[in-house]
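Report on the following structure.
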Amino acid sequence: MSWLELTILSICLCFDTFAVSLCGGILLCRRSLSIGARMRIILSFALFQSGFLALGWGVGEFLANYFGAIDHWVAFAILLWIGGKMLYESLFHPEEDQSASDLLNPRRLVVLSIATSIDAVAVGVSLALLAIAPQKALFTIAATALATAAASYIGLAFGKALGRRIGKAANIAGGIILILIGVKILFEHLMQ
């Protein structure tokens with residue numbers, strides 16, 4: 001693979017992170033985010049995405065045989081559960097705090113970071129199977145971390161602005177976005 005193809009691959013890996021960050025920004029539109037909180041969110045997504053890519057590249061074919069058959073189901077289940085919980089809380093308990101995808105909650109942030117990064121394991125395995133040179137693999141891991149950090153930052157900022165405009169419908173939109181991401185991940189893997 002060329003350097004350009006690896007760069008494009010790195011950017012494509014962060015689309016799910018952008019959507020989840022957008023959703024998180026929508027839900028956090030009425031709350032102030034400190035620089036530290038923004039950095040935790042951005043670094044969590046970037047580290048999991050690049051870390052899972054490195055993990056996949058590091059263990060190669062062994063992991064593909066055991067994990068490749070279920071990775072999409074795991075991501076789908078996590079996102080369906082979180083998105084469904086958001087929808088349920090928004091529709092049936094609108095007065096309560098909507099925390100199902102609260103990116104300020106460390107446990108939920110880790111769960112969402114894992115859910116959006118699972119596909120990076122398969123990409124890493126693919127890089128290993130293609131016998132990508134170590135310097136190209138390291139470049140791809142670093143580029144993925146940077147692209148994911150940028151996507152998370154942009155998603156949070158745009159989501160906060162959008163959330164202020166759409167108000168109470170933000171929680172419903174957020175739940176739908178997470179469910180659609182899960183369906184997209186499942187559909188992509190089932191169509192391969």
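Remark: Leu138 CG to Ser50 OG distance equals 11.5 Å, nearest 0.5 Å. Expressed to the nearest 0.5 Å, how far CG of Leu103 lies from CZ of Arg40 amounts to 11.5 Å. Note that CG of Leu104 and CZ of Arg38 are 10.0 Å apart. Values are rounded to the nearest 0.5 Å. Note that the OG1 atom of Thr17 and the CD1 atom of Ile41 stand 12.5 Å from one another [nearest 0.5 Å]. Note that CZ of Phe45 is 5.5 Å distant from CG of Leu112, once rounded to the nearest 0.5 Å.
Residues passing the salt bridge (charged side-chain N to carboxylate O under 4.0 Å, His left out) test with Lys160, sequence neighbours excluded: none. Under the rule for a side-chain contact (heavy atoms from CB on, under 4.5 Å), the partners of Ala19 that lie at least two apart in sequence or sit in another chain are Ile177, Ile181. For Ile35, the side-chain contact (heavy atoms from CB on, under 4.5 Å) partners at least two apart in sequence or on another chain are Met39. Every residue two or more places apart in sequence or in another chain that forms a side-chain contact (heavy atoms from CB on, under 4.5 Å) with Ile11 is listed here: Thr7, Phe15, Ala147. Under the side-chain contact (heavy atoms from CB on, under 4.5 Å) criterion, Ser10 pairs with Thr140, Ala143, Thr144, sequence neighbours left out.
Under a hydrophobic-cluster definition in which Ile, Leu, Val, Met, Phe, Trp and Tyr are linked whenever side-chain heavy atoms come within less than 4.5 Å, directly or via other members, Leu9 and Ile141 are assigned to the same cluster. Cluster annotation: Phe52 is connected to Val110 through the hydrophobic network of ILVMFWY side chains, with a link wherever side-chain heavy atoms come within less than 4.5 Å. Ile42 is not connected to Leu47 by any chain of hydrophobic side-chain contacts under 4.5 Å among Ile, Leu, Val, Met, Phe, Trp and Tyr, and they are in different clusters. Linking Ile, Leu, Val, Met, Phe, Trp and Tyr whenever their side-chain heavy atoms come within less than 4.5 Å puts Phe158 and Ile26 in one cluster.
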Chi angles and distances behind the side chain to side chain contact (heavy atoms under 4.5 Å, CB included) call for Leu22, Ile154 | CA-CA 8 Å; Leu22 176 74; Ile154 293 166; over 6 Å; no
Would you check, one step at a time, whether the test side chain to side chain contact (heavy atoms under 4.5 Å, CB included) holds for Val123 with Trp57?
-> CA-CA 8 Å; Val123 172; Trp57 179 63; over 6 Å; no
Tell me, with the steps shown, if Asp16 and Gln49 meet side chain to side chain contact (heavy atoms under 4.5 Å, CB included).
-> CA-CA 10 Å; Asp16 292 344; Gln49 190 79 270; 5.9 Å; no
Full working for side chain to side chain contact (heavy atoms under 4.5 Å, CB included) between Thr148 and Thr116 | CA-CA 10 Å; Thr148 303; Thr116 59; over 6 Å; no
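Using modelled atom types, no side-chain atom of Ser117 and backbone atom of Ala120 make a donor-acceptor pair closer than 3.5 Å.
The shortest non-hydrogen separation linking Ala145 to Ala46 is O-CB, 3.4 Å.
Pairs engaging residues 118-155 under the ring pair (Phe, Tyr, Trp, His ring centres under 6.0 Å) rule: Trp3-Phe139 [sequence neighbours left out].
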